[in-house]
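Worth saying up front: this structure is predicted, and the values here are computed from it rather than measured. Reckoned from all heavy atoms, side chains included, excluding hydrogens, waters and symmetry mates.
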Amino acid sequence: MEVPIEYFQSAQIEELNDLFESKSPEELLQWAFNQFANRISFSCSFGLEDMALLDMILRLDPKTQVFTLDTGRLPDETYALIQRTREKYGIAVKVYFPESSEVEAMVETHGVNLFYKRVE
């Protein structure tokens, strides 16, 4: 089934739900790789579930781009795991950082733990 990359219609979503209801995660991922070719990236937080997905993804398509967001508050273990992941799979992990001036302004206005108060 050819699906436009721009969006999915409700009928397409229902059809895809039916199609993948009895499929394995690997089969769903393989469909995505076939459908979207080189336009797939994996956002990884390096938690347990992400590591399982990362392994599946890289077994199916070792060229998949992997990226993460470094909030500046990651534990040392996460940095060590990022490095071990790079070495084990022989991949580059692109690390994105928030704009430091915006973070500084936000912390100055709202405090360092503002995310405990509200999502915005």
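No side-chain donor-acceptor contact under 3.5 Å links Thr109 to the backbone of Met106. Looking only at distances, no side-chain donor or acceptor of Thr68 sits under 3.5 Å from a matching main-chain atom of Ser45. Using modelled atom types, one side-chain atom of Gln12 and one backbone atom of Gln9 make a donor-acceptor pair closer than 3.5 Å.
When all heavy atoms of Asp50 and Ser43 are compared, the closest pair comes out as OD2-O, 3.9 Å. Contact record, Val112 with Arg73: O-NH1, 2.9 Å, taken as the closest heavy-atom pair. Across all non-hydrogen atoms, the minimal contact from Pro62 to Ile91 is O-CG2, 4.2 Å.
The CZ atom of Phe46 sits 10.0 Å away from the CG atom of Leu74 when rounded to the nearest 0.5 Å. In this structure, Ile57 CD1 and Glu26 CD are separated by 10.5 Å, a value rounded to the nearest 0.5 Å. Atom CG of residue Asn38 and atom CZ of residue Phe33 lie 10.0 Å apart, to the nearest 0.5 angstrom. Here the straight-line distance linking atom CD of Gln35 with atom CG of Leu16 works out to 8.5 Å at 0.5 Å rounding. Here Ser24 contributes atom OG and Gln30 contributes atom CD; the two are 10.0 Å apart, rounded to the nearest 0.5 Å. Of the inter-residue distances, the one linking Thr64 atom OG1 with Leu54 atom CG reads 9.0 Å to the nearest 0.5 angstrom.
Counting heavy atoms of neighbouring residues, nucleotides and ligands inside a 6.0 Å radius, atom CG of Asp76 does not exceed 12 of them. Atom CG of Asn17 has more than 12 heavy atoms from other residues, nucleotides or ligands within 6.0 Å.
Leu48 has its side chain out of reach of Met51: every pair of non-hydrogen atoms, C-beta onward, lies at least 4.5 Å apart. Put simply, the side chain of Arg59 reaches to within 4.5 Å of the side chain of Met56, judged on heavy atoms. Between Phe42 and Leu58, the closest side-chain pair of non-hydrogen atoms is not below 4.5 Å. Two residues are said to be in side-chain contact when any heavy atoms from C-beta on lie closer than 4.5 Å; Lys23 and Leu28 fail this criterion.
For the side-chain hydrogen bond (donor to acceptor under 3.5 Å, both in side chains) condition, the pairs that include at least one residue of residues 78-97, sequence neighbours left out, are Asp55-Tyr89, Asp70-Tyr79, Gln83-Glu87.
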Applying side chain to side chain contact (heavy atoms under 4.5 Å, CB included), run through Leu69 and Phe97 and close with a yes or a no. CA-CA 6 Å; Leu69 175 64; Phe97 301 89; 5.9 Å; no
- [ ] Give the C-alpha distance, both sets of side-chain angles, the deciding distance and a yes or no for side chain to side chain contact (heavy atoms under 4.5 Å, CB included) between Phe67 and Cys44.
- [x] CA-CA 6 Å; Phe67 68 95; Cys44 188; over 6 Å; no
